[in-house]
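We name chains A, B, ... by the order of the sequence lines, and we start the count at 1 in each one.
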Amino acid sequence: GVAGRRLDQELLEELEEALILADVGPQTAGNIVARLQEKAAREGIREACDLKEILRRILVEILSQGVPAPGPCPQAPRVIMVVGVNGVGKTTTIGKLAKRWVDEGSAVLLAAGDTFRAAAIEQLEIWGERARAQVVKHQSGADPAAVIYDALQAAKARGSQVVLADTAGRLHTKMNLMEELKKIKRVMGQVVPTAPHEVLLILDATTGQNAVSQVRLFHEAIGVTGLVVTKLDGTAKGGILLRIVDEFRLPVHYVGVGESPDDLREFDPEAFADSIL
Amino acid sequence: ALTGRLEGIFQKLRGRGLLTEENIREGLREVRLALLEADVHFTVVKQFVERVRERAVGQEVLKSLTPGQQVVKIVHEELIGLLGVNHVPLAFAQQPPTLIFLVGLQGSGKTTTAGKLALWCREKGRSPLLVAADVQRPAAAAQLATLGEQLKVPVLTPKPGAKPVEIAREGLSRARKQAHDVVLVDTAGRLHIDPDLMAELKEMAAALRPHEVLLVADAMTGQDAVNSATAFHGGVGLTGIILTKMDGDARGGAALSIRAVTGQAIKFIGVGEKLDRLEAFHPERIASRILG
Ligand SMILES: Nc1nc2c(ncn2[C@@H]2O[C@H](COP(=O)(O)OP(=O)(O)OP(=O)(O)O)[C@@H](O)[C@H]2O)c(=O)[nH]1
Ligand SMILES: Nc1nc2c(ncn2[C@@H]2O[C@H](COP(=O)(O)OP(=O)(O)OP(=O)(O)O)[C@@H](O)[C@H]2O)c(=O)[nH]1
Ligand SMILES: [Mg+2]
Ligand SMILES: [Mg+2]
């Protein structure tokens with residue numbers, strides 16, 4: 001009847017508001033709610049809790065569209081390039097990943113590719129100690145490509161299984177800095193022909209719609225293979241991922257949930273969808 | 001851009017007499033969409049659009065030959081009004097030294113901004129002292145010390161085991177002894193939902209009575225800007241805002257949200273990684289940027 005329909009409209013607006021508050025973005029939120037509405041109509045769903053469950057499933061469906069990169073390369077070292085805008089948590093995430101893999105028995109080497117920012121190398125060295133991973137560095141101000149080159153040579157010589165290459169934070173709109181990333185990528189290929197095997201773009205969960213522009217420009221410049229979303233231990237929901245995974249089909253590998261070495265989790269679309277709703 | 005979209009909506013009404021409430025409603029939907037895409041907070045957008053609506057149904061739009069442009073003009077004026085019409089400078093103390101805390105979420109740019117403010121103060125003829133009160137992040141003190149070296153500005157780095165409030169207190173006493181008239185305290189990034197770290201900040205402020213507590217916030221922050229800004233303001237009391245990373249393409253709607261919920265002025269914007277990349281905030285530029 002009319003009463004039931006009215007309730008749906010108000011409820012749909014509330015759900016759309018929840019999505020927008022989670023940084024899903026107005027257009028995407030509108031599209032998702034429209035999809036929910038037609039699905040609910042087809043299945044004759046009216047109850048609020050059932051509607052919410054359908055919405056949850058839609059979110060999980062969208063988030064599961066990321067196409068994972070091909071499996072680990074057969075020969076070591078596996079080279080992972082870590083990129084992203086300033087302050088999102090690249091260096092910290094490298095530390096966490098290093099610790100995880102060293103604890104699992106791998107030999108991990110860290111490349112101090114941020115030669116620009118004050119004390120970036122010192123920060124990575126402390127993480128290297130925490131993770132029990134070796135660090136290859138040059139002096140501050142050195143050419144990042146040269147450090148990466150040396151790090152990959154060292155990894156081959158020492159038999160490291162994984163190289164995590166830290167890079168300086170950079171805004172995606174700065175052409176010369178994006179060119180520098182392309183150069184680093186080329187240099188990697190000179191030492192290990194299939195490198196980098198992964199390009200991880202780190203995103204901050206507190207970032208709003210600008211995350212889409214970040215993914216687009218980093219992807220266009222060097223080809224991103226996977227995402228990590230940090231700072232999900234705060235109140236930000238990272239809902240922009242819905243738009244990002246839908247548009248770019250990139251897999252989200254991990255989420256950062258704190259500042260300590262163990263504060264890293266595998267991405268779980270179900271848990272993520274729950275936290276948004 | 002918003003102007004174009006609003007012109008498009010009102011275009012089809014040319015020569016048909018007055019605008020109706022429905023026309024206005026459609027135009028306001030466009031305004032709402034533009035603001036949400038610019039990361040302005042949902043509730044702030046609601047209140048803002050209502051203010052615009054009240055003016056839009058008045059004579060200035062209904063009698064205009066270019067109602068679309070008129071609505072954009074109103075939106076622009078309301079944005080400037082909300083963001084604060086003039087530049088609000090740093091509040092220096094009558095009796096030096098002026099004590100300034102830099103606070104905010106992890107990675108927002110506090111340490112870099114501390115360096116930028118030190119340079120800014122020195123160029124204004126003052127004698128700044130930088131205080132590294134972040135004892136939690138790896139190499140935080142080294143980072144500030146490096147910036148100080150680059151600027152030839154002295155930096156107080158912590159003794160092992162010192163608490164942030166003790167470090168800041170030592171900074172104040174050193175400033176008095178060595179005639180520094182501005183003390184810039186860099187604090188650790190923290191979550192506004194971390195009760196211990198928020199209490200630590202509150203205690204530091206209560207013990208040392210800073211003249212300025214500046215929230216350093218990232219221009220690309222989304223809806224969460226309201227949550228963190230409200231909590232920092234409620235927890236320690238902010239006296240101003242600095243919006244960083246404005247050299248990117250983030251629309252910066254967080255500026256409006258933070259201003260709306262804290263009532264505090266955005267005093268500066270960070271426009272780059274180098275230490276001279278700090279500008280006084282002028283609402284005009286961010287208003288056009290938010291409108292897109
Ligand atoms: N709460 C929380 N803080 C985090 C997380 N990941 C990183 N951080 C913090 O975010 C801040 C920035 O982290 P960094 O690792 O230096 O970030 P970055 O991307 O390497 O920064 P730049 O190299 O300067 O661009 C630090 O204070 C970290 O402790 C997370 O998952 N949760
Ligand atoms: N492009 C740009 N980068 C900035 C700006 N301000 C700071 N940064 C960069 O942002 C990153 C984080 O800056 P920090 O000063 O370490 O941030 P923080 O708030 O002290 O970080 P935590 O102490 O870990 O909370 C660094 O890479 C800075 O160079 C800015 O205005 N523009
Ligand atoms: Mg880093
Ligand atoms: Mg800092």
Participant: Counting neighbours of CZ on B/R285 that are heavy atoms of other residues, nucleotides or ligands and sit closer than 6.0 Å, is the number greater than 12?
Facilitator: no
Participant: How far does CZ of B/R251 sit from OG of A/S213, to the nearest 0.5 angstrom?
Facilitator: 11.5 Å
Participant: Which atom names give the shortest non-hydrogen contact between B/L36 and A/Q209, and what distance separates them?
Facilitator: O-CG, 4.3 Å
Participant: So does B/R29 have more than 12 non-hydrogen atoms from other groups sitting under 6.0 Å from CZ?
Facilitator: yes
Participant: Is there a donor in the side chain of B/D39 and an acceptor in the side chain of A/N210, or the other way round, less than 3.5 Å apart?
Facilitator: no
Participant: So do the side chains of A/Q27 and B/L33 get within less than 4.5 Å of each other, counting heavy atoms only?
Facilitator: yes
Participant: Please classify the contact of B/D194 with chain A as side chain, backbone, both or neither, using a heavy-atom distance under 4.5 Å.
Facilitator: neither
Participant: Write down the atom of A/K231, the atom of B/Q106, and the distance for their closest heavy-atom approach.
Facilitator: NZ-O, 3.0 Å
Participant: Identify which of A/I240, A/D233, A/T91, A/D204 forms the greatest number of heavy-atom pairs closer than 4.5 Å to chain B.
Facilitator: A/D233
Participant: Taking all heavy atoms of B/G248 and all of A/T173, pick out the closest pair and write down the distance.
Facilitator: CA-OG1, 3.8 Å
Participant: How many angstroms lie between CG in A/L19 and CZ in B/F42, if you round to the nearest 0.5 Å?
Facilitator: 10.5 Å
Participant: Could you tell me which residues satisfy ring-ring contact (aromatic ring centres under 6.0 Å, His included) with B/F268, sequence neighbours excluded, listed by chain and number?
Facilitator: B/W120
Participant: Any idea which heavy atoms bring A/L21 and B/Q223 closest together, and the distance?
Facilitator: O-CB, 3.3 Å
Participant: Might you work through the side chain to side chain contact (heavy atoms under 4.5 Å, CB included) test for A/T92 and B/R137, ending with a clear yes or no?
Facilitator: CA-CA 10 Å; A/T92 305; B/R137 167 171 157 153; over 6 Å; no
Participant: For A/T235, run the side chain to side chain contact (heavy atoms under 4.5 Å, CB included) check against B/L191, B/N227, B/V226 and tell me which one passes.
Facilitator: B/N227
Participant: Can A/E122 and B/Q143 be counted as having a side-chain donor-acceptor contact under 3.5 angstrom?
Facilitator: no
Participant: Quick one about A/T206 and B/D224 (side-chain donor to acceptor, distance below 3.5 Å, no hydrogens or angles considered), yes or no?
Facilitator: no
Participant: Would you say the side chain of A/I20 lies within less than 4.5 Å of the side chain of B/H41, judging by non-hydrogen atoms?
Facilitator: no
Participant: Does any backbone or side-chain atom of A/E17 lie under 4.5 Å from a heavy atom of chain B? Answer side chain, backbone, both or neither.
Facilitator: both
Participant: Contact part of A/Q123 toward chain B, heavy-atom cut-off under 4.5 Å: side chain, backbone, both or neither?
Facilitator: both
Participant: Name every donor-acceptor pair, under 3.5 Å, that has one atom in a side chain of residues 144-157 of chain B and the other anywhere in the protein, sequence neighbours excluded.
Facilitator:
residue	atom	partner	partner atom	Å
B/T146	OG1	B/A142	O	2.7

Participant: Could you measure the distance from the NZ atom of B/K245 to the CG atom of A/L171? Nearest 0.5 Å is fine.
Facilitator: 8.0 Å
Participant: Does atom NZ of A/K174 have more than 12 heavy-atom neighbours from other groups under 6.0 Å away?
Facilitator: yes
Participant: Among A/L124, A/I126, A/N86, A/L217, single out the residue with the greatest number of heavy-atom pairs under 4.5 Å to chain B.
Facilitator: A/N86
